[in-house]
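Step one of this worksheet: look at the structure below.
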Amino acid sequence: MRRPVARKLTVLAVSAALVTVGAAAPPAAQPHTKPRPDPKTPVAVGHGGAVASVDADATAAGIEVLKKGGNAVDAAVATAAALGVTEPYSAGIGGGGYFVYYDARTRTVHTIDGRETAPLTADSKLFLENGKPLAFDAAVSSGLSVGTPGTPATWQTALDRWGTRRLGTVLKPAERLARDGFTVDETFRSQTAANETRFRSFPATAELFLPNGRLPVVGSRFKNPDLARTYQELARKGVGAIYHGDLGKDIVKTVNHPPVDPASGWNARPGELSAKDLATYRAILQAPTRTSYRGLNAYSIAPSSSGGTTVGEALNILERTDLSKASETQYLHHFIEASRIAFADRGRWVGDPAFEDVPTKELLSQKYADSRACLIKDNAVLTSPLAPGDPRHPVACGRGGTAAPTTYEGESTTHLTVADRWGNVVAYTLTIEQTGGSGITVPGRGFLLNNELTDFSFAPANPAVHDPNLPGPGKRPRSSISPTIVLDRHDRPVVALGSPGGATIITTVLQILTGLLDRHLPLVDAIAAPRASQRNAAQTELEPGLYDSQVKKRLEAIGHSFKPNPEIGAATAVQRLPDGRWRAVAEKVRRGGGSAMVVRPAP
């Protein structure tokens, strides 16, 4: 154990300044050829800015904007729009996300909550049928699962506040990519194959993603002219085309009358999305969470996401233990137990703060973390599901209330990280929920709709205990998205990172941070290291590199129980080097490997 250090933790007030989205928000283009970007490489170092994402075409779109003088925000929107083309099962304008921005001029961090919202007609019984919760799969591929999209409003809000280019300008690389096509890889084909049955239930989806009735062939060119035209419309009319215009009308019609193939026999339950839901949607500018750790400050997203509070609480729990000197077994033991405790508190206390009294400041206090950290013993394992504590009234080693299991969240999503030559940084995680979202494509528009509302609890885990994540009118479902930017004591960027993976996002970000800051791994190795994920469950999930290791046996001897998970997360990050260069890092293997690029490579 190391001696406790004096530390200061501040939770910045979540002053939800509502930002109004812009008013008056697939092959009819001239032939255009553009060289393919370099093959995926997981690491790049150099000057002028950096981009890391899961896809080489999307990363190249961001680099193109940086090379033309755009800043990190401009490049982040361009990268996100390109991911809507090449990663359509993970992200797109039919979804939402959370945007974290570091302003180098003021050395401050800002965030946008662009989470989808439930229809204004929704109540706590949204996913009940005949008094019982719907089967999860039945809810996913239906209009009931679709929330009001927040991604377009996020893009416009970010550009209006901090960008230097117009939306139409930063959409051009993605529009070109949708029109000219991208090369199908094994990941895209396998994700399509995994969704083939339900995609065939929706004619517009089958027509787009199963060309000529078949799975796309690896190495073939995949084009989406409908999405190219949709991006052109957004470029001309702004995001008002979605929130006040014809594009929005098409979304509402699709949600309320899902265009299902009658021959499929699928009961695609209708939603109740309205024009008013779109017109009243707002992306929320709010302050980040801030957690001091090892003399650094980690900033992330505040509720409605549980990412900032849960990663932050776990870091606070680990603050008093010197993980740099711990054995691998003891390091993983403390990491797993801190995750278990933080998830127990997340499930009880975190929801949409517009509807729930979320004790964000108390969850992130060191006093509360210390009261929970004393539950961890070096030679024993806590039982899951662990009961939550009470952050407003901390009791040393106390366990109060009723334990509740962690609800399922889709493990798709995508994350991108960007830095520019001025030192601005963006960590942005966007999603349509699970791979393929709702499975419903807006006819003629080229994009899938989200199934984010399935992140709500369908019913309380315990009717006697308040569940902060039940549906409600206009409510944002709880998320685990955790885009994080770490600053040094002089408020300069150290690293920015994030990951997809549903509830495993939290443990992925936590493990990378502790690997980098405590175990002193190079960033590329901290990202590539085999992962563990404990989410207040009876068993901890392990990737093969840990599941097949001796350390697993040593952890089992303490009392841990494990189950395999072939792949947890798919992170990207950027790191500021002491000499001013940027290091961009993506996955080596997960999801087929990621793509890191810089504007001017240097040794």
Side-chain angles (χ1 to χ4, degrees), residues 1-12 100-104 106-111 287-302 307-326 330-331 334-335 338-339 341-342 360-374 376 417 419 423 425 427 482-498 506 508-527 529 571 573-583 585:
M1 300 290 289
R2 73 180 179 92
R3 184 171 175 234
V5 296
R7 64 194 300 279
K8 180 179 181 182
L9 179 144
T10 306
V11 180
L12 303 181
V100 179
Y101 167 66
Y102 170 76
D103 186 319
T106 61
R107 298 191 182 184
T108 55
V109 177
H110 310 268
T111 74
T289 59
R290 186 178 79 183
T291 306
S292 296
Y293 189 69
R294 312 303 189 209
L296 304 172
N297 288 311
Y299 293 83
S300 192
I301 193 76
T309 56
T310 311
V311 172
E313 181 184 348
L315 288 173
N316 288 340
I317 290 170
L318 295 170
E319 173 77 13
R320 307 299 195 194
T321 303
D322 189 349
L323 298 177
S324 67
K325 296 180 180 179
Q330 281 300 307
Y331 160 67
H334 281 264
F335 163 76
S339 300
I341 294 168
T360 301
K361 180 178 180 180
E362 293 85 354
L363 282 168
L364 285 170
S365 73
Q366 188 62 44
K367 179 180 179 181
Y368 181 61
D370 291 343
S371 78
R372 299 290 274 162
C374 64
I376 301 176
T417 323
V425 179
S482 312
T484 301
I485 297 177
V486 179
L487 306 183
D488 66 16
R489 64 187 61 194
H490 301 293
D491 294 326
R492 296 172 300 199
V494 175
V495 67
L497 73 157
I506 290 167
T508 295
V509 169
L510 178 65
Q511 189 171 353
I512 294 170
L513 285 174
T514 55
L516 179 70
L517 303 178
D518 289 300
R519 309 298 281 177
H520 306 298
L521 296 174
L523 181 57
V524 64
D525 294 336
I527 287 176
V574 295
Q575 183 179 32
R576 183 78 169 186
L577 300 179
D579 61 4
R581 292 177 299 162
W582 290 106
R583 175 184 286 130
V585 181

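Excluded from the calculations below are hydrogen atoms, water molecules and symmetry mates; all remaining heavy atoms, backbone and side chain alike, are included.
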Expected output: side-chain R372 to main-chain A342 donor-acceptor under 3.5 Å: no

Do side-chain atoms of Y102 reach the backbone of D491 as a donor and acceptor pair under 3.5 angstrom? yes

Side-chain heavy atoms of [X] within contact of [Y], under 4.5 Å:
X	Y	result
T514	Y331	yes
Q575	V585	no
V100	V109	yes
I341	E313	yes
P493	W582	yes
Y368	N316	no

Does the side chain of T111 come under 3.5 Å of the side chain of Y299 through a donor N or O and an acceptor N or O? no

What distance do L323 atom CG and H520 atom NE2 have between them, rounded to the nearest 0.5 Å? 9.5 Å

[X] to [Y] - nearest heavy-atom pair and separation:
X	Y	value
A287	A302	O-CB, 3.9 Å
H110	T106	NE2-OG1, 4.5 Å
D518	R294	OD1-NE, 2.7 Å

Only one of V486, V311, I485, T289 forms a side chain to side chain contact (heavy atoms under 4.5 Å, CB included) with S300, so which one is it? T289

V494 and side chain to side chain contact (heavy atoms under 4.5 Å, CB included): which partner among L296, L487, N297? L296

State which residues pass side-chain hydrogen bond (donor to acceptor under 3.5 Å, both in side chains) with R576; sequence neighbours excluded, sorted by chain then number. none

Please list, chain by chain and in numerical order, all residues satisfying side-chain hydrogen bond (donor to acceptor under 3.5 Å, both in side chains) with T508, sequence neighbours excluded. none

Applying side-chain contact (heavy atoms from CB on, under 4.5 Å) to L318 and Y293, what does each step give before you reach the verdict? CA-CA 9 Å; L318 295 170; Y293 189 69; 4.0 Å; yes

